[in-house]
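Shown next, in structure tokens, is the structure this report addresses.
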Amino acid sequence: MAIGFHHTKEKTLLRVSFYVAGLFVFIALGFAFITHSAAILFDGAYSLIAFFMSLLTLKVANLVQLPDDDRFHFGYTAIEPTLNLFKSIVIIATCLYAVLGAIGSLTNGGIKAEYGYAIIYGVIATTACFAVSGYMKYQSRPLRSDLVAVEAHTWFVDGVLSASILLGFATAYGIEQTRFAEYASFIDPVLLIILGLAILPVPFKIMLNSLKEVINKAPPESVTAVIEKRLKQTLIAVPYQHVEVRISKSGRDIYLLVHIIVDKSFSVATISELDDIRIASETAMRQWDPAIIMDILFIANPALAD
């Protein structure tokens with residue numbers, strides 16, 4: 001029941017992101033047309049990307065709930081980091097394109113914008129983006145959803161982008177009222193260059209983390225050490241020489257391949273006794289972290305664990 005509730009809540013949050021992103025596309029592009037601002041146009045392009053990415057995310061959110069089948073023997077959760085990897089690459093490409101365009105504008109004398117209307121846009125966009133990001137982050141805490149987490153990051157980045165635009169336009173508006181008004185046209189492209197470069201670390205981090213999951217790289221040692229400690233606590237009653245654990249994370253799932261190298265004193269009368277050990281261990285691990293999926297093998301020859 002709880003799992004179903006979480007899945008429903010996840011989809012609800014992703015729908016919120018989808019509809020708000022669609023609304024922002026029209027608002028940003030409308031203000032870009034009125035103000036002739038490249039920075040607002042870039043913000044609109046970012047919102048347009050977020051809109052289409054949210055549409056894909058909703059589709060993936062439905063897929064990852066499906067069980068394994070004849071086409072995907074390990075389920076659909078691997079699509080989750082693949083989507084996040086794709087989203088991060090698109091955002092990186094957009095930022096770099098905007099920076100190159102802004103450099104070209106600088107060399108051509110800058111961009112003259114209507115800063116009064118631009119400030120109004122900055123206030124609306126900044127408030128709304130941080131509100132959506134904060135709401136999604138707060139509501140998603142119990143979900144363990146990478147999809148929602150990346151959406152919240154995306155909105156936070158958009159909020160930083162909008163806040164920076166607001167600050168830049170307020171500065172440009174102030175400069176226009178002074179004897180340095182001729183330099184106000186350089187604010188928009190300079191602002192765009194700063195924003196594009198400042199945003200890059202966030203999608204780069206998402207890209208690297210998603211890539212690690214796509215190629216099945218083990219989680220950090222700080223994470224694996226905790227998992228192994230918890231696992232061994234569930235095997236206290238089993239006489240073993242060593243426990244070899246291989247761990248991979250794919251989307252919301254954490255997969256454990258466990259080789260238990262049993263001691264000479266280990267003895268069972270039936271296969272059911274082995275199943276009982278497996279069930280008890282996996283139940284305890286999933287109570288600690290519902291994302292865990294396990295396969296446990298009992299072996300006597302350590303070479304088989306290599």
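Please read all numbers here as calculations on a predicted model, not as lab measurements. The figures that follow rest on heavy atoms only: side chains count, while hydrogens, waters and symmetry mates do not.
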Practice problem: Answer yes if V268 and I279 sit in the same cluster of Ile, Leu, Val, Met, Phe, Trp and Tyr residues linked by side chain heavy atoms under 4.5 Å apart, and no otherwise. | Solution: no
Exercise. Kindly indicate whether the side chain of M136, heavy atoms from C-beta on, has any atom under 4.5 Å from the side chain of S17.
Key: yes
Quiz prompt | Pairwise distance CD1(I260) to CD1(I277) - rounded to 0.5 angstrom | solution = 7.0 Å
Quiz item: Rounded to the nearest 0.5 Å, how far apart are NZ of K249 and CD1 of I227?
Solution: 10.5 Å
Quiz item: Is there side-chain contact between V245 and L257, with heavy atoms separated by less than 4.5 Å?
Solution: no
Quiz item: Is it true that L96 and I194 fall in one hydrophobic cluster, defined by side-chain heavy atoms closer than 4.5 Å?
Solution: yes
Exercise. Might you work through the side-chain contact (heavy atoms from CB on, under 4.5 Å) test for T35 and Y121, ending with a clear yes or no?
Key: CA-CA 10 Å; T35 62; Y121 169 80; over 6 Å; no
Quiz item: Can you check whether Y97 reaches I92 side chain to side chain, under 4.5 Å on heavy atoms?
Solution: no
Practice problem: Check whether any side-chain heavy atom of I292 sits under 4.5 Å from a side-chain heavy atom of D289, and report yes or no. | Solution: yes
Practice problem: Step through the shown structure and confirm whether more than 12 heavy atoms of other residues, nucleotides or ligands are within 6.0 Å of CZ on F130. | Solution: yes
Quiz prompt | Heavy-atom side-chain proximity of L13 to Y135 below 4.5 angstrom | solution = yes
Quiz item: What's the verdict on side-chain contact (heavy atoms from CB on, under 4.5 Å) for F298 and L274, showing C-alpha distance, side-chain angles and the deciding distance?
Solution: CA-CA 8 Å; F298 296 89; L274 297 178; 3.8 Å; yes
Self-check item: Donor-acceptor contact present, side-chain E282 to main-chain R278, <3.5 Å
Solution: no
Practice problem: Look up atom OG in S210 and atom CD1 in I89, then write down how far apart they are to the nearest 0.5 Å. | Solution: 9.0 Å
Quiz item: Would you say Y173 has more than 12 foreign heavy atoms packed within less than 6.0 Å of its OH?
Solution: no
Quiz prompt | P239 to A237 - nearest heavy-atom pair and separation | solution = CD-O, 3.6 Å
Quiz item: Does the S88 side chain pair with the main chain of F204, one donor and one acceptor, at a distance under 3.5 Å?
Solution: no
Self-check item: Within one Ile-Leu-Val-Met-Phe-Trp-Tyr cluster: L304 and I261, side-chain cutoff 4.5 Å
Solution: yes
Exercise. Could you tell me whether the side chain of V258 reaches within less than 4.5 Å of the side chain of L297, counting heavy atoms only?
Key: no
Practice problem: List the steps, then state whether side-chain contact (heavy atoms from CB on, under 4.5 Å) holds for L256 with I293. | Solution: CA-CA 6 Å; L256 276 60; I293 299 172; over 6 Å; no
Quiz prompt | hydrophobic_cluster_shared for V90 and L100, side chain cutoff 4.5 Å | solution = no
Practice problem: Could you tell me whether a side-chain N or O of T224 sits under 3.5 Å from a main-chain N or O of E221, the two making a donor and an acceptor? | Solution: yes
Quiz item: Do the non-hydrogen side-chain atoms of Y240 and K232 ever get within less than 4.5 Å of each other?
Solution: yes
Quiz item: Are V20 and Y138 co-members of a hydrophobic cluster defined by side-chain heavy atoms under 4.5 Å apart?
Solution: no
Quiz item: What's the shortest heavy-atom distance between M294 and L231, and which atoms?
Solution: CE-CD1, 3.6 Å
Self-check item: Shortest non-hydrogen separation from I40 to A28 and the atoms involved
Solution: CG2-O, 3.3 Å
Self-check item: Nearest-0.5 Å distance that lies between atom NZ in K212 and atom CG in L85
Solution: 13.0 Å
Quiz item: Atom CZ of R246 and atom CG of D295: how far apart are they, to the nearest 0.5 Å?
Solution: 13.0 Å
Quiz prompt | Within 6.0 Å of CZ in F26, more than 12 heavy atoms from elsewhere | solution = no
Quiz item: Closest heavy-atom contact between S162 and C129?
Solution: OG-SG, 4.1 Å
Quiz item: Do V262 and I299 pass the side-chain contact (heavy atoms from CB on, under 4.5 Å) test, and can you show the C-alpha distance, the side-chain angles, and the key distance before you say yes or no?
Solution: CA-CA 6 Å; V262 297; I299 59 176; over 6 Å; no
Quiz item: Would S281 and T234 satisfy side-chain hydrogen bond (donor to acceptor under 3.5 Å, both in side chains), going step by step from the backbone distance to the final call?
Solution: CA-CA 5 Å; S281 178; T234 70; 2.8 Å; yes
Practice problem: Report yes or no: is the cationic atom of K137 (NZ for Lys, CZ for Arg) closer than 6.0 Å to the six-membered ring centre of F156, at no more than 45° off its axis? | Solution: yes
Quiz prompt | Closest non-hydrogen atom pair between A128 and F24, with its separation | solution = CB-CZ, 3.2 Å
Practice problem: Enter the distance from I34:CD1 to I120:CD1 here, rounded to the nearest 0.5 Å. | Solution: 9.0 Å
Exercise. Identify the heavy atoms of A163 and T126 that sit nearest to each other, and give their distance.
Key: N-OG1, 3.1 Å
